[in-house]
*Asks:* 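Below are the structure tokens for one structure; questions will follow.
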4 protein chains.
Amino acid sequence: MKEKIIEVSIGMFGQNGFTETSIQDIVESLGVTKGTFYYYFKSKEELLMEIHLRYIDDLLQSQKEILETKNSSEQKLYDIVYMIMKHIEGHGQSARVFFREMQHLNEEHLDDIFHKRDQFRKNMNQAIQEGIDSGEFRQDLNVEIVSLAILGAVNWSYHWFDPKGKLDEKAVSTIYIDFMLNGLKST
Amino acid sequence: MKEKIIEVSIGMFGQNGFTETSIQDIVESLGVTKGTFYYYFKSKEELLMEIHLRYIDDLLQSQKEILETKNSSEQKLYDIVYMIMKHIEGHGQSARVFFREMQHLNEEHLDDIFHKRDQFRKNMNQAIQEGIDSGEFRQDLNVEIVSLAILGAVNWSYHWFDPKGKLDEKAVSTIYIDFMLNGLKST
Amino acid sequence: MKEKIIEVSIGMFGQNGFTETSIQDIVESLGVTKGTFYYYFKSKEELLMEIHLRYIDDLLQSQKEILETKNSSEQKLYDIVYMIMKHIEGHGQSARVFFREMQHLNEEHLDDIFHKRDQFRKNMNQAIQEGIDSGEFRQDLNVEIVSLAILGAVNWSYHWFDPKGKLDEKAVSTIYIDFMLNGLKST
Amino acid sequence: MKEKIIEVSIGMFGQNGFTETSIQDIVESLGVTKGTFYYYFKSKEELLMEIHLRYIDDLLQSQKEILETKNSSEQKLYDIVYMIMKHIEGHGQSARVFFREMQHLNEEHLDDIFHKRDQFRKNMNQAIQEGIDSGEFRQDLNVEIVSLAILGAVNWSYHWFDPKGKLDEKAVSTIYIDFMLNGLKST
DNA sequence: TATGAATGAGCTTTCATTCAT
DNA sequence: TATGAATGAAAGCTCATTCAT
């Protein structure tokens, strides 16, 4: 039941927004009553936190596995970008909730999530730094800002990426990486 | 008074969110009553639309001026990126509202805004295409996706950019452009 | 202007109801502002009272003229019925307002109107009594109740009478009177 | 609880009017909170509809039973008149609400009620027609108009009938019927 | 005569949450 | 595990009215 609540909530939060979705809406779509909801969750916010945690923990775990390999920095970068895109493709509504409804967490939870997002970003920084150190990437990069640019470009995809569109998440990732590695300029 | 309402609303919507800010909060912060609010706005949503319109219309206008120059594509790209960053720097809360609270517009208004955002994106596409045609940019770029990547990277800045931080909007723009033109790879 | 306000108010009160029609609605339909309204009327209720007064005073005056003639009771009865019907035909919305929105008058005004409606009813009683005394009407009638029945039947017409319908107010009055004088029973 | 809400609402709507009675007034008189009201009714209008439905359905049912008997038309007419009067006597406030507050139903509900009131009227027409066909009533009656006159006379009673007055509903009904059958004219 | 800005009280409705069963 | 009745606080919005100009 708890899983079912989370599942339909993600769908409804993603579609209509956190504030716009009432507990009533959620339980009605499951054919149960509000009491049931409060048996499994202390509050609406706790449900939102659970959704956030699952998303970011999953991302962090995948990122960790990628970073622990012996692959080239270029490959690692590609793997991370593709992994995020794969998440957006496979859990599109989760991504929407994660990127859009964070503000509705309470302070404590927000701190927790913020810290984890920061960790994700720092891991990204590190991957880029490694590429610089190994000579794969340019020496004169501002790691912090470039990292934010890459994350921004990829994360932004949740706004427009359509799993049923012309290009799948793999194709988009490939274009992203080519752009990020080689830039726009003709040589 | 209308201007004052818009002004404080942007601040409060940006800080606490559209749904979390009540009309009561807004008018209290101005020392007037709810009736006053509804004298100037038919609904809370109408106020939100006004904020959106001002933001996107301003952006489109600035973009148009940039595109109408005879500058190189590289320069135009820089100018657009810097212009967006300048907006985020100068109207940070507006940007937050614009990028985050769009969902609370009604269908008709959403259509309008969506159409304008699309226009902005298409103008961006065109700028890149011109660069390709003139030989400044690589021939093998996927214009649509690259354009989305650039916009994503720059727009995302509203999440983290701090006007009082170490780097100002000009420095960030420069780093962005360098990254976008030349990529990460060492040569 | 005062006349115009009364005129459109009758239309709007009749169509949509007194409470459902706002001052704003009224002044907007005249292209003026609320201040103007309050220049001519102390309150919304005062406007309603004015409408009521015009209606009942008109009715009372017409009734008086009919009763002062030397006509037969039958004729007088017919004239009164026809006169009410004529009012409903010609001032349909006024009738609606008069019969339906009385409750929104304040106590003092309500008293006044009530007293005048009562006067109208008593004059009716008197007409019937005269008919009885002269032998035109049956001796065993309960004047009070019969009078209320007649007024009920005629007044009720405002619910359904359609000036553009098959029967005009004259035809309906004739049928009413025939029914009231001769009853249903076959002889 | 739902019953209690309906009960006190009828009283308050009848006394002070639908618009003049707030949900607050209703729940306060029951010692509960507004939330409770909305647990049982989707809206104030829905409550009004429920009151209307109960009234008209009850009336239609009683009318049906009367019409299905083998009684004379005269008797049926008396029974219907008496039945309506009995309703006005016993559910005076309901009658007030029913006849006066109909306008506050929404379009869909209004249609429904209107249709049922029309059915009641048509059944009345039919009863009169049967009397004509059987020879009890005059051949030259305009059934539609006479029927409306009778209903008007009886329904109007809700304006003035006082259960504690000199004449009870039975006495009034008897006077009504005598008047309707035999008319005013002396013979 | 008329305007327009502002008020303030009140309205219907929503909703997260509680709790006895 | 789950229900269903009830709460209470707050929300968006309406509107008759006032008043300086």
Side-chain angles (χ1 to χ4, degrees), chain A residues 1-2 4-5 18-28 30-48 104, chain B residues 1-2 4-5 18-28 30-48 104, chain C residues 1-2 4-5 18-28 30-48 104, chain D residues 1-2 4-5 18-28 30-48 104:
Chain A
M1 174 57 61
K2 191 171 181 178
K4 278 206 272 184
I5 292 176
F18 176 75
T19 316
E20 284 64 31
T21 305
S22 69
I23 306 284
Q24 190 61 30
D25 292 338
I26 294 168
V27 297
E28 247 169 37
L30 284 169
V32 295
T33 56
K34 281 193 235 180
T36 304
F37 178 91
Y38 281 93
Y39 180 76
Y40 292 105
F41 297 95
K42 274 220 301 286
S43 69
K44 196 185 177 190
E45 193 265 352
E46 204 193 75
L47 162 62
L48 183 62
H104 299 111
Chain B
M1 176 54 64
K2 191 173 180 176
K4 279 205 270 180
I5 292 176
F18 177 75
T19 317
E20 284 64 31
T21 306
S22 70
I23 307 287
Q24 190 63 32
D25 293 339
I26 294 169
V27 297
E28 249 168 36
L30 284 169
V32 295
T33 58
K34 273 189 263 188
T36 303
F37 178 91
Y38 282 95
Y39 180 75
Y40 292 103
F41 297 95
K42 275 218 298 288
S43 68
K44 195 185 177 190
E45 193 267 351
E46 204 192 76
L47 163 61
L48 184 62
H104 298 110
Chain C
M1 175 56 63
K2 190 171 182 177
K4 278 206 271 183
I5 291 175
F18 176 76
T19 316
E20 284 64 32
T21 305
S22 69
I23 306 284
Q24 191 63 30
D25 292 338
I26 293 168
V27 296
E28 246 168 39
L30 284 170
V32 295
T33 56
K34 280 193 239 183
T36 305
F37 178 91
Y38 282 93
Y39 180 77
Y40 291 105
F41 297 95
K42 272 217 306 285
S43 68
K44 194 184 178 192
E45 192 265 354
E46 202 191 78
L47 162 61
L48 183 62
H104 299 110
Chain D
M1 175 56 62
K2 192 173 180 178
K4 279 205 270 181
I5 292 176
F18 177 77
T19 316
E20 284 63 32
T21 305
S22 70
I23 306 287
Q24 191 62 33
D25 293 338
I26 294 169
V27 297
E28 249 168 35
L30 283 169
V32 294
T33 58
K34 276 189 255 187
T36 303
F37 178 90
Y38 282 94
Y39 181 75
Y40 292 102
F41 297 95
K42 276 218 297 288
S43 68
K44 195 183 177 190
E45 193 264 354
E46 204 192 76
L47 163 61
L48 184 62
H104 298 110

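Residue numbers start from 1 in every chain, and the chains themselves are labelled A, B, ... in the order their sequence lines are given, proteins ahead of strands.
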*Asks:* Mind checking side-chain hydrogen bond (donor to acceptor under 3.5 Å, both in side chains) for B:Glu45 and listing every partner two or more places apart, or none if nothing turns up?
*Replies:* B:Asn106, B:His109

*Asks:* So, using salt bridge (charged side-chain N to carboxylate O under 4.0 Å, His left out) as the criterion, who are the partners of C:Glu28 when residues are at least two apart?
*Replies:* none

*Asks:* Where does DNA chain F pair, written as one dot-bracket string 5' to 3', with Watson-Crick or G-U pairs under 3.5 Å, ( ) inside the strand, [ ] for crossing pairs and | for another strand?
*Replies:* .||||||||||||||||||||

*Asks:* The criterion is side-chain hydrogen bond (donor to acceptor under 3.5 Å, both in side chains); which residues satisfy it with D:Thr21, sequence neighbours excluded?
*Replies:* none

*Asks:* For C:Thr19 and D:Glu20: C-alpha separation, side-chain torsions, deciding distance, then whether side-chain contact (heavy atoms from CB on, under 4.5 Å) applies.
*Replies:* CA-CA 9 Å; C:Thr19 316; D:Glu20 284 63 32; 3.8 Å; yes

*Asks:* Does the side chain of A:Leu30 come within less than 4.5 Å of A:Ile5's, by heavy atoms?
*Replies:* yes

*Asks:* Check the distance between F:dA2's C1' and A:Lys2's NZ and give it to me in whole angstrom.
*Replies:* 16 Å

*Asks:* Would you kindly give the CD1-to-P distance between C:Ile26 and F:dC15, to the nearest whole Å?
*Replies:* 11 Å

*Asks:* May I ask you to establish whether C:Lys4 and C:Tyr40 are in a cation-pi arrangement, using a distance under 6.0 Å from NZ or CZ to the six-membered ring centre and at most 45° from the ring axis?
*Replies:* no

*Asks:* Test B:Val27 against B:Val32 for side-chain contact (heavy atoms from CB on, under 4.5 Å), laying out the working first.
*Replies:* CA-CA 5 Å; B:Val27 297; B:Val32 295; 3.9 Å; yes

*Asks:* Return the value, rounded to whole Å, for the distance between atom CZ of C:Phe41 and atom P of E:dT1.
*Replies:* 13 Å

*Asks:* Treat primed atoms plus P, OP1 and OP2 as sugar-phosphate and everything else as base, then score nucleotides 7-14 of chain F 5' to 3': B for base contact with protein heavy atoms under 4.0 Å, S for sugar-phosphate contact only, - for none.
*Replies:* BB-BSBBB

*Asks:* Sequence neighbours excluded, which residues qualify as ring pair (Phe, Tyr, Trp, His ring centres under 6.0 Å) partners of A:Phe41?
*Replies:* A:Phe37

